[in-house]
Amino acid sequence: MTVTQTSTSETVDAFFGNFGEGNIPGVLDLFADKVDFRVTGSPLVPWTGARSSKEEISQFFASFGVLTGPEHFELSHKIVQGEDAVVIANCVFGVEATSKKFHNHYALHFTVTDGKIVRYHMYEDSYAIHEAFTA
């Protein structure tokens with residue numbers, strides 16, 4: 001494994017370690033000042049959309065406060081090539097307002113430069129999540 005791949009892998013591992021511990025300041029420290037940050041999907045899902053600043057990314061993570069759980073969280077694959085990493089995962093969360101659950105299979109594409117995340121693209125089933133938000 002090259003130094004870049006090690007750095008990319010370590011940064012992605014640190015992201016999930018901090019996120020799993022609820023250490024959002026630690027998560028935010030892993031991002032560059034400007035990020036190509038995108039979560040495509042239904043505009044009715046609070047965390048979808050494009051962002052670029054740490055303030056906007058902080059709001060992204062704060063939007064998860066409307067959820068219960070996770071009841072299940074599993075990272076099944078991590079593929080690293082140079083500065084890029086793709087993680088495949090699945091989880092089960094509930095929506096507090098509706099008491100509905102959703103099972104989310106998703107992929108995250110990270111790009112890490114000089115130990116900082118410069119790209120974060122999430123691909124998820126926003127329709128299933130949208131359905132959980134509707135009463």
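Quick note: numbers below take in every heavy atom, side chains included, and nothing from hydrogens, waters or symmetry partners. Because the structure is a prediction, the values reported are computed rather than measured.
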Shortest non-hydrogen contact from [X] to [Y]?
X: Leu67; Y: Phe133; answer: CD2-CZ, 4.2 Å
X: Gly82; Y: Thr8; answer: O-OG1, 2.8 Å
X: Val45; Y: Ser126; answer: CG2-O, 3.7 Å
X: Ser42; Y: His130; answer: OG-ND1, 3.6 Å
X: Thr11; Y: Leu30; answer: O-CD1, 4.0 Å
X: Ala132; Y: Lys101; answer: CB-O, 4.1 Å

| Centroid separation Phe64 to Phe93 less than 6.0 Å |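 When the ring centroids of Phe64 and Phe93 are compared, they turn out to be at least 6.0 Å apart.
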Any chance you could measure [X], atom [atom1], to [Y], atom [atom2], to the nearest 0.5 Å?
X: Asn104; Y: Cys91; atom1: CG; atom2: SG; result: 4.5 Å
X: Glu10; Y: Asp13; atom1: CD; atom2: CG; result: 8.0 Å
X: Leu108; Y: Arg119; atom1: CG; atom2: CZ; result: 12.5 Å
X: Glu74; Y: His105; atom1: CD; atom2: NE2; result: 9.5 Å
X: Leu44; Y: Glu131; atom1: CG; atom2: CD; result: 10.0 Å
X: Thr111; Y: Asp36; atom1: OG1; atom2: CG; result: 8.0 Å

With clusters defined by side-chain heavy atoms of hydrophobic residues (ILVMFWY) lying less than 4.5 Å apart, directly or transitively, does [Y] cluster with [X]?
X: Phe19; Y: Val118; value: no
X: Leu75; Y: Met122; value: yes
X: Phe16; Y: Val92; value: no
X: Tyr123; Y: Ile117; value: no

Contact check, side chains of [X] and [Y], non-hydrogen atoms, under 4.5 Å:
X: Ile129; Y: Trp47; answer: yes
X: His109; Y: Asp84; answer: yes
X: Thr134; Y: Lys100; answer: yes
X: Ile57; Y: Val35; answer: yes

| task | Output, in order, the C-alpha distance, side-chain angles, deciding distance and verdict of side chain to side chain donor-acceptor pair (under 3.5 Å) for Asn90 and His72. | result | CA-CA 8 Å; Asn90 66 77; His72 174 78; 3.0 Å; yes
| query | Mind checking whether Phe37 and Phe31 have parallel, tilted or perpendicular rings, split at 30° and 60°? | reply | tilted
| request: Describe, in one word, how the ring planes of Phe73 and Tyr106 are oriented to each other, choosing from parallel (under 30°), tilted (30 to 60°) and perpendicular (over 60°). | output: tilted
Quick check on [X]: does its [atom1] atom have over 12 non-hydrogen neighbours (other residues, nucleotides or ligands) under 6.0 Å away?
X: Lys116; atom1: NZ; answer: yes
X: Phe61; atom1: CZ; answer: yes
X: Arg38; atom1: CZ; answer: no

